[in-house]
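What follows is a set of notes on a single structure, which appears directly below.
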Amino acid sequence: MKKSSLYEIDGDKIKRKNPFCPRCSSGVFMADHGDRYSCGKCGYTEIKNKE
């Protein structure tokens, strides 16, 4: 996956699409699996809210 696909441009600002892993550090993106985010490096998983 290209790093450029993890960002979007909103006017003159750049926004991340996926969150960073809270365990690993900023720079390690979590994968979006539809109902959850997970880190491929350490295995940390966050369940998405159904709101």
Side-chain angles (χ1 to χ4, degrees):
M1 173 181 276
K2 291 194 257 181
K3 285 279 189 180
S4 62
S5 66
L6 299 175
Y7 295 94
E8 65 182 25
I9 298 173
D10 184 26
D12 60 346
K13 298 189 184 227
I14 297 175
K15 297 169 82 177
R16 297 187 308 254
K17 291 183 181 178
N18 294 353
F20 287 129
C21 177
R23 282 189 189 168
C24 294
S25 69
S26 58
V28 178
F29 283 98
M30 296 180 73
D32 185 358
H33 292 287
D35 62 340
R36 67 192 185 284
Y37 290 112
S38 65
C39 177
K41 187 173 181 181
C42 70
Y44 178 79
T45 302
E46 286 183 2
I47 305 298
K48 290 183 181 179
N49 292 334
K50 294 184 180 183
E51 297 174 16

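Both backbone and side-chain heavy atoms feed into the values below; hydrogens, waters and symmetry mates do not. Throughout, numbering of the chain's residues begins at 1 and tracks the sequence.
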Item to complete: Only counting residues at least two apart or in another chain, list the ones meeting side chain to side chain contact (heavy atoms under 4.5 Å, CB included) with Lys13.
Response: none

Fill in: Partners passing side chain to side chain contact (heavy atoms under 4.5 Å, CB included) against Tyr44 (at least two apart in sequence or in another chain)
Cys21, Pro22, Arg23, Met30, Cys39, Cys42, Glu46

Worksheet entry | Residues clustering with Ile47 (ILVMFWY side chains joined when closer than 4.5 Å, directly or via others) |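 Its cluster mates, by chain and number: none.
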
Fill in: Counterpart residues, ring-ring contact (aromatic ring centres under 6.0 Å, His included), relative to Phe29 (two or more places apart)
Tyr7, Phe20

Worksheet item: Can you list every side chain to side chain donor-acceptor pair (under 3.5 Å) pair that touches residues 28-43, not counting sequence neighbours?
Response: Asp32-Lys48, His33-Ser38

